[in-house]
Amino acid sequence: MKIRTLIVDDEPHAIEVLKNYLARFSEMEVTTTCNDGIEAFRLLQQKPIDLMFLDIQMPGIKGTDLLKSLKNPPKVIFTTAYSEYALDGFELNAVDYLLKPISFERFLRAVDKIYQLNEHKGKPMIAHEEPVSDTHTFIYLKVDRKTIKVNINDILWIESLRDYVKVVAVNNHVHITRQKISLLEEMLPESRFVRIHRSFIVSLNKIDSFYAYSMDVAGHELPIGRNYKQDVQKKLKNERLQMGDKNLRRLQMFAFFSSRSFVTSA
């Protein structure tokens with residue numbers, strides 16, 4: 001059974017982040033989105049909604065005031081940049097209170113509460129089995145004290161730096177953010193990126209050449225880990241099937257070098 005969801009936020013990029021996260025769960029259905037509380041009030045009179053992600057500071061009416069005005073409100077998860085409203089949120093029986101910028105890990109914990117409330121406690125929390133839609137052309141990263149928009153098409157590779165990741169993009173743009181590489185991997189379209197090592201993710205169409213133990217991306221040599229070799233080979237094979245026989249030689253080269261014993265560990 002689908003969980004019909006409404007996202008209410010006056011920041012377009014915040015809506016896109018939540019839509020991207022929700023797309024990974026087959027039970028979640030984004031019924032609609034809106035940019036202010038008054039519009040949300042009207043929509044709630046017209047459409048059945050099970051769950052509402054609700055910003056607090058919006059033009060016209062605050063999210064907390066909107067919730068107070070509803071006789072039969074859906075389950076609510078507040079999303080805001082202001083921690084001082086947390087007490088108000090929980091007094092209104094909100095399921096959770098998420099502070100922006102919202103990490104996928106924190107979002108996951110909030111969604112888990114929804115599953116438990118809907119008697120899905122035993123259901124594993126896994127991402128949507130289908131790849132994230134390629135229509136998502138950008139991600140948002142918190143860098144220093146601001147949130148920046150990064151075009152997915154510009155990303156060359158991503159490198160893990162313990163508790164941080166380095167996102168390397170075209171034109172020598174480098175962004176460092178406090179994030180786990182595994183969580184960032186979840187944000188990227190599976191059909192366009194591949195994890196080649198425990199510390200590296202690369203864009204498939206930015207690979208210039210490769211061997212069994214490494215590949216070249218924009219003039220930089222990146223390692224291929226032993227545990228990731230098979231998946232790399234599979235992704236490159238799929239790329240060949242999609243793009244045609246012009247990639248056949250690349251795949252044959254990879255298969256040849258993969259048969260050698262000098263692949264590095266990861």
Side-chain angles (χ1 to χ4, degrees), residues 1-83 85-133 135-136 139-140 147 183 186-187:
M1 183 177 179
K2 296 287 186 180
I3 298 175
R4 295 162 296 190
T5 304
L6 168 65
I7 302 173
V8 187
D9 203 303
D10 63 333
E11 299 178 63
H13 80 268
I15 291 177
E16 287 302 317
V17 168
L18 290 174
K19 286 173 66 177
N20 191 15
Y21 287 171
L22 287 165
R24 301 168 199 180
F25 302 93
S26 57
E27 296 82 7
M28 294 291 182
E29 178 183 85
V30 179
T31 301
T32 189
T33 67
C34 59
N35 302 111
D36 62 72
I38 295 173
E39 183 183 358
F41 182 85
R42 295 194 187 103
L43 286 169
L44 287 165
Q45 314 309 311
Q46 300 169 4
K47 298 181 179 182
I49 298 295
D50 304 308
L51 171 63
M52 178 166 56
F53 286 89
L54 182 60
D55 189 17
I56 293 181
Q57 284 282 18
M58 294 183 293
I61 183 174
K62 289 183 179 179
T64 49
D65 292 334
L66 168 64
L67 186 54
K68 291 175 185 177
S69 71
L70 300 173
K71 291 183 178 180
N72 297 299
K75 297 180 180 67
V76 170
I77 295 175
F78 280 114
T79 60
T80 180
Y82 303 95
S83 60
Y85 294 107
L87 181 59
D88 291 340
F90 287 113
E91 286 180 347
L92 290 169
N93 295 317
V95 175
D96 211 337
Y97 189 97
L98 302 180
L99 282 175
K100 300 175 182 177
I102 302 166
S103 70
F104 183 71
E105 184 178 26
R106 182 64 184 88
F107 176 86
L108 191 61
R109 294 204 302 270
V111 171
D112 189 45
K113 294 180 181 179
I114 297 297
Y115 275 89
Q116 293 184 41
L117 290 171
N118 287 353
E119 298 181 350
H120 290 293
K121 189 173 182 179
K123 193 175 186 66
M125 294 296 296
I126 58 174
H128 198 294
E129 292 180 0
E130 295 296 325
V132 176
S133 173
T135 58
H136 296 291
I139 58 175
Y140 285 91
T147 300
L183 294 178
E186 290 287 333
M187 298 170 63

Asks: Could you grab the distance from atom CG of Leu44 to atom CG of Leu66, nearest 0.5 Å is fine?
Replies: 6.5 Å
Asks: Please step through side-chain contact (heavy atoms from CB on, under 4.5 Å) for the pair Leu99 and Tyr82, ending with a clear verdict.
Replies: CA-CA 7 Å; Leu99 282 175; Tyr82 303 95; 5.8 Å; no
Asks: Are any of the side-chain heavy atoms of Ile3 and Glu29 separated by less than 4.5 Å?
Replies: no
Asks: Go through Tyr97 and Thr80 one step at a time and tell me if the side-chain contact (heavy atoms from CB on, under 4.5 Å) criterion holds.
Replies: CA-CA 8 Å; Tyr97 189 97; Thr80 180; 3.2 Å; yes
Asks: With a 3.5 Å distance limit and no angle check, can you tell me whether Ser83 reaches the backbone of Ala81 through a side-chain donor-acceptor pair?
Replies: no
Asks: If you look at every heavy atom in Thr33 and Glu39, which pair is closest and at what distance?
Replies: O-OE2, 4.4 Å
Asks: Minimum heavy-atom separation for Ala110 and Leu98, please, with both atom names.
Replies: CB-CD2, 3.9 Å
Asks: If I take atom NZ from residue Lys2 and atom OG1 from residue Thr31, how far apart are they, to the nearest 0.5 angstrom?
Replies: 10.5 Å
Asks: If I take atom CD1 from residue Ile15 and atom CG from residue Asn20, how far apart are they, to the nearest 0.5 angstrom?
Replies: 13.5 Å
Asks: Quick one: CD on Glu27 to CG on Leu22, what's the gap to the nearest 0.5 Å?
Replies: 11.5 Å
Asks: Is there side-chain contact between Asp9 and Phe53, with heavy atoms separated by less than 4.5 Å?
Replies: no
Asks: Could you tell me which non-hydrogen atom of Asp36 sits nearest to which non-hydrogen atom of Met58, and how far apart they are?
Replies: CA-SD, 4.2 Å
Asks: Can we say Arg106 and Asp96 salt-bridge, meaning some charged N sits less than 4.0 Å from an Asp/Glu carboxylate O?
Replies: yes
Asks: Does any part of the side chain of Phe104, heavy atoms only, come nearer than 4.5 Å to the side chain of Val111, both counted from C-beta?
Replies: no
Asks: If you define the side chain from C-beta out and look only at heavy atoms, does anything of Val76 sit under 4.5 Å from Val95?
Replies: no
Asks: Closer than 4.0 angstrom, basic N to acidic O: yes or no for Asp55 and Lys100?
Replies: yes
Asks: So, taking the atom named CG in Asn35 and the one named CD1 in Ile7, what distance separates them when rounded to the nearest 0.5 Å?
Replies: 11.0 Å
Asks: Output, in order, the C-alpha distance, side-chain angles, deciding distance and verdict of side-chain contact (heavy atoms from CB on, under 4.5 Å) for Lys62 and Gln57.
Replies: CA-CA 5 Å; Lys62 289 183 179 179; Gln57 284 282 18; 4.1 Å; yes
Asks: Which pair of heavy atoms, one from Leu6 and one from Leu43, lies closest together, and at what distance?
Replies: CD1-CD1, 4.2 Å
Asks: Do Thr5 and Met52 come within less than 4.5 Å of each other through their side chains, counting heavy atoms only?
Replies: no
Asks: Where the side chain of Gln45 meets the backbone of Phe41, is there a donor-acceptor pair that is under 3.5 Å apart?
Replies: yes
Asks: Please tell me if the side chains of Phe107 and Val17 come closer than 4.5 Å, counting only heavy atoms from C-beta onward.
Replies: no
Asks: Has Asp50 got a side-chain atom pairing as donor or acceptor with Arg4's backbone, closer than 3.5 angstrom?
Replies: yes
Asks: Say whether, by atom type as modelled, one donor and one acceptor occur between the side chain of Tyr21 and the main chain of Glu16 under 3.5 angstrom.
Replies: no
Asks: Any idea which heavy atoms bring Ile49 and Pro74 closest together, and the distance?
Replies: O-CB, 3.3 Å
Asks: Find the distance between CD1 (Ile77) and CG (Leu18) and round it off to the nearest 0.5 Å.
Replies: 9.0 Å
